[in-house]
*Asks:* 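Below you'll find the structure I mean.
This structure is a prediction, so every number in the text was calculated from the model and none was measured.
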Amino acid sequence: MSIVALDPTGGAPDRTTERRLAPRPPTLRGERLGLVVNGLGYSERFFDALSRELLAQTELDGVVKVVKSSVSVPPDPGDWSRLTEGATVAITGFGG
């Protein structure tokens, strides 16, 4: 039996590496929103409501939603590809 561990730091080998937030776009006009839903509790309903509000109040170009199979794993490779190829901004969160 093997043990698989996930590194929440993104696997940076040197913990002294400075990490910064990605630059925030000045507007959401034309951006495509990526949603990473952990599937716990009502998180999917929350993110669906949030995306409807953002679509109604901004000029987003669409939404790419990914629902993970478990809270403790990253999105599967196909979903990760859809997200990274289709979204230009993203929101993720933890629901319980």
*Asks:* My understanding is that only one of V66, V67, I91, D48 makes a side chain to side chain contact (heavy atoms under 4.5 Å, CB included) with V37; could you say which?
*Replies:* V67

*Asks:* Between L33 and L54, is the side-chain contact (heavy atoms from CB on, under 4.5 Å) condition met? List the steps.
*Replies:* CA-CA 9 Å; L33 176 64; L54 288 171; 3.9 Å; yes

*Asks:* What distance do S69 atom OG and D79 atom CG have between them, rounded to the nearest 0.5 Å?
*Replies:* 9.0 Å

*Asks:* Report the C-alpha separation of E59 and T27 in whole Å, then their side-chain angles, then the decisive distance to 0.1 Å, and conclude whether the side-chain contact (heavy atoms from CB on, under 4.5 Å) test is met.
*Replies:* CA-CA 9 Å; E59 296 180 46; T27 177; over 6 Å; no

*Asks:* Of all the heavy-atom pairs spanning R32 and V64, show the shortest one and how long it is.
*Replies:* CD-CG2, 3.6 Å

*Asks:* Looking at every non-hydrogen atom in both residues, tell me the closest pair between E31 and V89 and how far apart they are.
*Replies:* OE1-CG1, 3.9 Å

*Asks:* Can you give me the closest heavy-atom contact between L40 and N38, atom names plus distance?
*Replies:* N-OD1, 2.8 Å

*Asks:* Is it the case that the side chain of R29 and the backbone of D61 share a donor-acceptor pair, with hydrogens and angles ignored and the cut-off at 3.5 Å?
*Replies:* no

*Asks:* For E53, give me all partners under salt bridge (charged side-chain N to carboxylate O under 4.0 Å, His left out), at least two apart in sequence or on another chain.
*Replies:* none

*Asks:* Taking all non-hydrogen atoms of both residues, which atom of V36 and which atom of P75 are closest, and how far apart?
*Replies:* CG1-CG, 4.3 Å

*Asks:* For the pair K65 (side chain) and G34 (backbone), establish whether a donor and an acceptor sit closer than 3.5 Å, ignoring hydrogens and angles.
*Replies:* no

*Asks:* To check you understand the geometry: which heavy-atom pair defines the closest contact between L60 and L55, and what is its length?
*Replies:* CB-CD2, 3.8 Å

